[in-house]
*Asks:* 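Okay, handing you the structure first.
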Amino acid sequence: MPSALDILKEIFGYPDFRGQQAEVISHLACGGDCLVLMPTGGGKSLCYQIPALMRDGVAIVVSPLIALMQDQMAALHEIGVRAAVLNSSLSPQHIALVEQKLVAGEYDLLYVAPERLLTARFLNLIERVEIALFAIDEAHCVSQWGHDFRPEYIQLSVLHERFPKVPRIALTATADMDTRKEIIKRLGLDAAKIFVSSFDRPNIHYQIVDKTNGRVQLLDFIKTQHRNDAGIVYCLSRKKVEETAAWLVNQGLRAIAYHAGMSSQERNRNQEKFLREEGIIMVATVAFGMGIDKPDVRFVAHLDLPRSIEGYYQETGRAGRDGRMANAWMVYGFGDVVQQRRMISESETQYEFKQIAARKLEAMLLLCEATTCRRSHMLSYFGETVAAGVCGNCDVCLNPPQVWDATVEVQKALSCVYRTGQNFGAGHLIDVLRGNRTERIQQWHHDKISTFGIGKDLSESTWRAIFRQITVLDLLAADSESYGALRLTEHSRAVLKGNQRVHLRLQRKSVKAAHKHQNGNRIQLACAEHSLWEQLRVWRAKTAKEHGVPAYVIFHDATLQELVQLCPKTEDELRRVPGIGARKLDKYGNHLLAILRDN
Ligand code: ADP
Ligand code: ZN
């Protein structure tokens, strides 16, 4: 058997393993089953690709995502590994050819969609083939509770029954305990060795800012921090997706849309564009993203509040798979709290489901209002023990919010709710507190009540932040009957009577500090380096186009960055750059040296 490390260096061009890769590979290569829980970008693919090359026979990889399979295959071809794909997008002739080559032992890896794998015909076919291993990617698709549920995945237990001697590896980036248990149960992996990595994504900077005008804030964020970068913008509704994409285009950005209401051709076209071209902004609902393994997504922005920390973590996790700096940025405001709570109370599901949804939302809201490190907050939500302290790469750590005693202001707000009959939303209440004689106020004679004008000293946006925070703290409830109307809760009384003090987060004035830090972390290239970087990118884009693959399949940004920094002048020096294996050196070495020597 060739050694795993030799394969890593020679074929993949990387100097050493990451995290638990070496242990997983050795266990699987020796014939053991494994369950691998690793965050996105952790390097799951190598965990089965290397054993596939170490063991005799072909590795069969089950994956639910056609686009992903194609890209993985293209990337393997680039480094000279014999791989193929079988899915419903191929012609019958093509399928017959792949099957023929499979039986003739001409592949190291075969990627198969689950529904195809499970046909009696295909299972019979692979009886005649030597199988190195089965890899079940995106294994959380067996979970009926998750939103990626695929019924066919449950039937994958048949693999173990029919091929008891073939080792299996199941992989997922879903962190929660329930999903983990379900995977083990459904796939019969009780005897498998479980490898759990930390779910921390240290290269992602988390930032949640107060929403004033979401779109404008987004534009400012992109313009100041992500000019020409690829990114994903998540919105709650299809309508908002379309409006936001159109608006960004109007502002001169390259934005496209994706949601479940579009035709499948249109969706595929946009997905392809996002994967293949550089610097595209995808505006989407959460329908977009599972299995998008584009490594150079530099930011994920949320214009609306996700329903749970699980969702937030998964969506933001699509940024920075290549390990380089990436931004998870979100705007969050009072409207989000009201809207999400209302959606839960109005949804027509069983009581238990509503309870679960409400709990998940509460956890998400607490993350938004957090006064301690966002990263620790999230990791401990997933049951990871984290060292107390600061991560140094989230907005809270970099710019700790001040907490103030807001008891008196909260009493004013609560009493204003009470005096106006618990029938009005935050906008009107703030007008009353600030003493604005609006038409509505005169109509209801709210300029005659005792709380009129008692909050003049604070700005409207400060009041909004107060109303938002006390609603999250359950001192106010947003009534689901009448839109946005706030009423008192069982907890309000203690505050009104002066028996409980309330501490709130001081509104963030600006995100400037985080900006500075971000820019500091981005690759700062000197002028000459910048020109080399651009030349390499142009060459890469041209080559990718000729080969019909995304640019990152040729070389990752991380590899280009190393080239710029090391500026190798000989083949030997080139060989030492991470991401350049034997095959790529062979194919592209001369082109790269020609560009590098000119500099
Ligand atoms: P996952 O499937 O866990 O999200 P991937 O397998 O796509 O992650 O790997 C993420 C990125 O990290 C890929 O670009 C891959 O080439 C790179 N990578 C994986 N393992 C290593 C390693 N040992 N050294 C350097 N880069 C690696
Ligand atoms: Zn932090």
Side-chain angles (χ1 to χ4, degrees), residues 4-5 7-9 11-25 36-50 61 63 65 68-69 71-72 75-76 78-79 81 135 137-140 169 171-175 195 197-208 289-297 314 317-324 326 328 367 370-380 386-401 514 517 550-562 577-581 584:
L5 191 60
I7 295 178
L8 179 75
K9 286 184 178 161
I11 298 184
F12 292 88
Y14 296 131
D16 32 44
F17 284 115
R18 270 192 197 158
Q20 296 179 302
Q21 281 176 331
E23 289 84 359
V24 176
I25 291 170
V36 174
L37 304 138
M38 225 186 236
T40 304
K44 286 187 282 302
S45 330
L46 285 188
C47 292
Y48 57 84
Q49 288 171 342
I50 291 184
V61 185
S63 165
L65 302 146
L68 187 102
M69 290 191 222
D71 280 359
Q72 292 250 1
L76 288 168
E78 276 294 319
I79 55 172
V81 174
D137 207 1
E138 312 288 350
H140 61 278
I169 177 171
L171 311 105
T172 180
T174 300
F195 295 89
S197 305
S198 165
F199 274 77
D200 187 17
R201 301 287 308 281
N203 61 314
I204 299 183
H205 169 85
Y206 297 96
Q207 183 175 20
I208 301 177
M290 207 257 278
I292 292 300
D293 74 340
K294 185 175 169 62
D296 54 358
V297 175
Q314 234 177 49
R318 290 167 187 145
R321 289 174 85 112
D322 55 9
R324 295 176 57 229
L367 174 67
T371 49
T372 53
C373 176
R374 308 240 194 238
R375 190 180 306 275
S376 330
H377 195 113
M378 258 191 293
L379 292 175
S380 54
V386 281
V390 291
C391 75
N393 198 22
C394 76
D395 54 351
V396 177
C397 285
L398 291 170
N399 186 12
H517 178 82
Y552 56 78
V553 166
I554 305 293
F555 285 120
H556 280 183
D557 283 358
T559 302
L560 296 194
Q561 197 184 333
E562 289 283 328
V577 176
I580 305 189
K584 286 193 174 170

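Numbering of residues begins at 1 and proceeds along the displayed sequence. Reckoned from all heavy atoms, side chains included, excluding hydrogens, waters and symmetry mates. We count ligands from 1, going down the list as the structure has it; atoms in each ligand are counted the same way.
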*Asks:* Does the N or O separation between Gln21 and ligand 1 drop below 3.5 Å for any pair?
*Replies:*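 Yes, Gln21 has an N/O under 3.5 Å of an N/O on ligand 1.
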*Asks:* Are any non-hydrogen side-chain atoms of Phe17 and Glu23 less than 4.5 angstrom apart?
*Replies:*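 Contact flag for Phe17/Glu23 side chains = no.
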*Asks:* Quick one, Tyr552 and Asp557 - any side-chain contact, counting heavy atoms below 4.5 Å?
*Replies:*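 No, too far: nothing below the 4.5 Å cut-off.
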*Asks:* Which atoms of ligand 1 are found less than 4.0 Å from any heavy atom of Phe17?
*Replies:*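 Result: 23 (N).
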*Asks:* Can you check whether Gly317's main-chain N or O pairs, donor with acceptor, with Arg201's side chain at less than 3.5 Å?
*Replies:*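 Indeed, once roles are kept as given, a pair shorter than 3.5 Å links the two residues.
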*Asks:* Please determine whether any non-hydrogen atom of Pro295 lies less than 4.0 Å from an atom of ligand 1.
*Replies:*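 Heavy atoms of Pro295 never come under 4.0 Å of ligand 1.
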*Asks:* Are any of the heavy atoms in Pro578 under 4.0 Å away from ligand 1?
*Replies:*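 No, that is not the case, since the closest heavy atom of the residue is not under 4.0 Å from the ligand.
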*Asks:* Please work out whether any backbone atom (N, CA, C, O) or any side-chain heavy atom from C-beta onward of Tyr14 is under 4.0 Å from ligand 1, and answer side chain, backbone, both or neither.
*Replies:*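 For Tyr14, only side-chain atoms sit under 4.0 Å from ligand 1.
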*Asks:* Any idea which atoms of ligand 1 are less than 4.0 Å away from a heavy-atom of Leu46?
*Replies:*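 Contacts of ligand 1 toward Leu46, numbered from 1: 19 (C), 20 (N), 21 (C).
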*Asks:* Does the side chain of Asn393 come within less than 4.5 Å of Tyr206's, by heavy atoms?
*Replies:*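 Heavy-atom side-chain distance check fails, nothing below 4.5 Å.
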*Asks:* If you have a sec, work out which protein heavy atom is nearest atom 13 (C) of ligand 1 and how many Å separate them, to one decimal?
*Replies:*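 Here the closest protein heavy atom is His556 CE1, 3.8 Å.
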*Asks:* Kindly indicate whether the side chain of Ile169, heavy atoms from C-beta on, has any atom under 4.5 Å from the side chain of Cys47.
*Replies:*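 Counting from C-beta outward, Ile169 and Cys47 do come under 4.5 Å.
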*Asks:* Flag the pair Thr371 / Val396 as yes when at least one side-chain heavy-atom distance between them is below 4.5 Å, and no otherwise.
*Replies:*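 No, their side chains stay 4.5 Å or more apart.
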*Asks:* Provide the number and element of each atom of ligand 1 under 4.0 Å from a heavy atom of Gly41.
*Replies:*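 Matching atoms, with element in brackets: 1 (P), 3 (O), 4 (O), 8 (O), 10 (C).
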*Asks:* For ligand 1, note which part of Met38 has a heavy atom under 4.0 Å away: side chain, backbone, both or neither.
*Replies:*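 Under 4.0 Å from ligand 1, Met38 contributes no heavy atoms.
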*Asks:* Is the shortest side-chain heavy-atom distance between Leu171 and Met38 below 4.5 Å?
*Replies:*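 No, every pair of side-chain atoms sits at 4.5 Å or beyond.
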*Asks:* Record the part of Leu171 in heavy-atom contact with ligand 1 below 4.0 Å; permitted values are side chain, backbone, both and neither.
*Replies:*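 Leu171 to ligand 1: no contact under 4.0 Å from either part.
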*Asks:* Consider every N or O of Arg18 and every N or O of ligand 1, then say whether any pair is closer than 3.5 Å.
*Replies:*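 For ligand 1, there is an N or O atom that lies under 3.5 Å from one belonging to Arg18.
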*Asks:* Between Gln21 and Arg18, is there a donor-acceptor pair closer than 3.5 Å when you use the side chain of the first and the backbone of the second?
*Replies:*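 Yes, Gln21 side chain to Arg18 backbone: donor-acceptor pair under 3.5 Å.
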*Asks:* Does ligand 1 come near enough to Gly43 that some N or O of the ligand is less than 3.5 Å from an N or O of the residue?
*Replies:*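 The answer is yes, given that Gly43 and ligand 1 share an N or O pair closer than 3.5 Å.
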*Asks:* Answer with yes or no whether Asp137 contacts ligand 1, where contact means a heavy atom under 4.0 Å from a ligand atom.
*Replies:*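 Outside the 4.0 Å threshold, so no.
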*Asks:* Would the distance check show the side chain of Arg324 and the main-chain N or O of Ala558 forming a donor-acceptor pair, the cut-off being under 3.5 Å?
*Replies:*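 No; judged by distance alone, with no hydrogens or angles, the pair does not exist.
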*Asks:* Decide whether a cation-pi geometry holds between Lys584 and Phe555; the criteria are a distance under 6.0 Å from NZ or CZ to the six-membered ring centre and an angle within 45° of the ring axis.
*Replies:*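 Pair Lys584/Phe555 counts as cation-pi.
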*Asks:* Answer whether the closest heavy-atom distance between the side chains of Thr172 and Glu138 falls below 4.5 Å.
*Replies:*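 Sidechains of Glu138 and Thr172: no contact.
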*Asks:* If we set the cut-off at 4.0 Å for heavy atoms, which region of Ser45 has an atom near ligand 1: side chain, backbone, both, or neither?
*Replies:*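 Contact part for Ser45 vs ligand 1: both backbone and side chain.
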*Asks:* Please write down residue, atom name and distance for the protein heavy atom closest to atom 11 (C) of ligand 1.
*Replies:*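 For atom 11 (C) of ligand 1, the nearest protein heavy atom comes out as Arg321 O, 3.8 Å.
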*Asks:* Out of all atoms in ligand 1, which are within 4.0 Å of some heavy atom of Pro39? Include the element for each.
*Replies:*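 Close to Pro39: 3 (O).
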*Asks:* Check contact between Thr40 and ligand 1, using heavy atoms of the residue and a distance below 4.0 angstrom.
*Replies:*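 Per 4.0 Å heavy-atom rule, Thr40 contacts ligand 1.
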*Asks:* To the nearest 10°, how many degrees is the angle Cys397 SG to the Zn ion (ligand 2) to Cys394 SG?
*Replies:*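 Value, to the nearest 10 degrees: 100°.
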